[in-house]
Amino acid sequence: MQIIICKNYEEVSKKAAALIVKEMIVKPDLILGLATGSSPIGLYKNLIEAYQDELISFKDVKTFNLDEYIGIDRAHPESYYSFMNEHLFKYCDIKEEHINIPNNDITRIDDLAKEYNDLLFGNQRDIQILGIGSNGHIGFNEPGSSLSNQTFIVELDEQTRLDNSRFFGSIEDVPKFAITMGIKNIMYSKKIVLIASGKQKAEAVYKMAYGPIDTKVPSSILQLHPDCKVIIDEDAASLLPITSTFIEF
Ligand code: F6R
């Protein structure tokens with residue numbers, strides 16, 4: 001795991017975007033794993049700028065999102081489908097058929113996880129973008145879920161629903177279930193870039209990087225990934241026992 005500490009959210013976003021841009025220039029048909037939430041919004045802004053500056057194109061890029069809520073329609077403004085359109089897709093030349101976001105059609109609930117899982121194994125991600133929950137989750141692999149999970153339907157942790165109520169207005173409106181890539185799918189990506197910022201992530205970041213590998217902190221499994229970069233701001237790094245801005249272990 002490499003940990004790169006930046007001054008603030010803007011620097012985290014720039015650095016993470018620079019990494020992705022480099023990968024897209026080297027491999028224009030990159031298979032990119034995407035995250036939603038507050039953390040990657042700045043990164044996506046920087047990618048849009050790089051696209052507008054004609055440094056990169058998305059026309060041959062394929063994307064696979066980590067997760068999607070179950071219990072709200074894709075057209076709901078807080079669905080991850082809407083999020084991706086709002087924060088990236090509508091501003092670039094990605095082809096509709098190259099966009100993959102877990103289907104959340106509850107009338108087909110029994111088939112959804114297997115279908116997405118099959119797709120994921122046929123399309124190994126070159127690089128996977130991750131955020132981290134304040135409870136240490138990645139994707140929606142909540143504390144206690146198996147580290148050998150493949151795509152599955154998960155009941156969301158109360159902490160996650162509380163954290164995400166900021167998007168919905170009240171916790172009652174946050175869906176109780178989601179479909180998510182499992183840890184096994186995430187670990188199958190060739191490279192991983194995890195971004196985090198803010199004091200509210202400091203404990204999760206500490207446990208992810210320095211704690212034991214434990215189902216209680218699903219992100220701790222990333223210690224075993226051969227190419228995982230963690231790009232965080234000073235607040236998110238505030239509990240780490242280090243002073244340097246770049247550490248590799
Ligand atoms: C989102 C996802 C989640 C978020 C995490 C952090 O697709 O899989 O793991 O990355 O909950 O969310 P933010 O960035 O909103 O703090």
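Since this is a predicted model, take the numbers as computed values, not measurements. Whatever order the structure lists ligands and atoms in, that order sets their numbers, starting from 1. Heavy atoms only: backbone and side chains are in, while hydrogens, waters and symmetry mates are out.
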Per-atom filter on ligand 1: closer than 4.0 angstrom to a heavy atom of G37 are 14 (O), 15 (O)

Of all the non-hydrogen atoms in the protein, which one sits nearest to atom 1 (C) of ligand 1, and at what distance?
T36 OG1, 3.1 Å

Indicate yes or no: does an N/O atom of L130 lie under 3.5 Å from an N/O atom of ligand 1?
no

Check this for me - ligand 1, Y80, N or O atoms closer than 3.5 angstrom, yes or no?
no

For ligand 1, is there an N or O atom under 3.5 Å from any N or O atom of S39?
yes

Residues in side-chain hydrogen bond (donor to acceptor under 3.5 Å, both in side chains) contact with K95, at least two apart in sequence or another chain:
none

Beyond-backbone contact of T63 with H98, side-chain heavy atoms, under 4.5 angstrom:
no

Which residue and atom name correspond to the protein heavy atom nearest atom 8 (O) of ligand 1, and how close is it?
D67 OD2, 2.6 Å

When clusters are formed by joining ILVMFWY residues with side-chain heavy atoms under 4.5 Å apart, either directly or through shared neighbours, do Y81 and I109 land in the same one?
no

Does ligand 1 have any atom sitting under 4.0 Å from a heavy atom of R166?
yes

Determine, step by step, whether N149 and N141 satisfy the side chain to side chain donor-acceptor pair (under 3.5 Å) criterion, reporting the C-alpha distance in whole Å, the side-chain angles of both residues, the deciding distance to 0.1 Å, and the verdict.
CA-CA 9 Å; N149 266 345; N141 290 269; 4.8 Å; no

Derivation of the salt bridge (Lys or Arg N to Asp or Glu O under 4.0 Å) call for K90 and E86:
CA-CA 6 Å; K90 76 176 184 193; E86 217 36 60; 2.8 Å; yes

I need the nearest protein heavy-atom contact for atom 6 (C) of ligand 1: residue, atom name and distance, please.
I132 O, 3.4 Å

Side-chain contact test, heavy atoms from C-beta onward, threshold under 4.5 Å: evaluate it for M84 versus L34 and give yes or no.
yes

Go through the side-chain N and O atoms of N135 and E142 and say whether any donor and acceptor fall under 3.5 Å apart.
yes

If you count the non-hydrogen atoms of other residues, nucleotides and ligands that lie under 6.0 Å from CD in E203, is the total more than 12?
no

Are I195 and I132 side-chain neighbours, meaning at least one heavy-atom pair lies under 4.5 Å?
no

Which residue supplies the protein heavy atom nearest to atom 9 (O) of ligand 1, what is that atom called, and how far is it?
G139 O, 2.8 Å

Atoms of ligand 1 close to L66 [distance to a heavy atom under 4.0 angstrom, numbered from 1]:
8 (O)

Residue, atom name and distance, where the atom is the protein heavy atom closest to atom 11 (O) of ligand 1:
H137 NE2, 2.6 Å

Specify the protein heavy atom at minimum distance from atom 16 (O) of ligand 1: its residue, its atom name, and the distance to 0.1 Å.
K201 NZ, 2.7 Å

Return the residue, atom name and 0.1 Å-rounded distance of the protein heavy atom closest to atom 10 (O) of ligand 1.
G131 CA, 3.3 Å

Could you list which atoms of ligand 1 come closer than 4.0 Å to a heavy atom of S38?
13 (P), 14 (O), 15 (O)

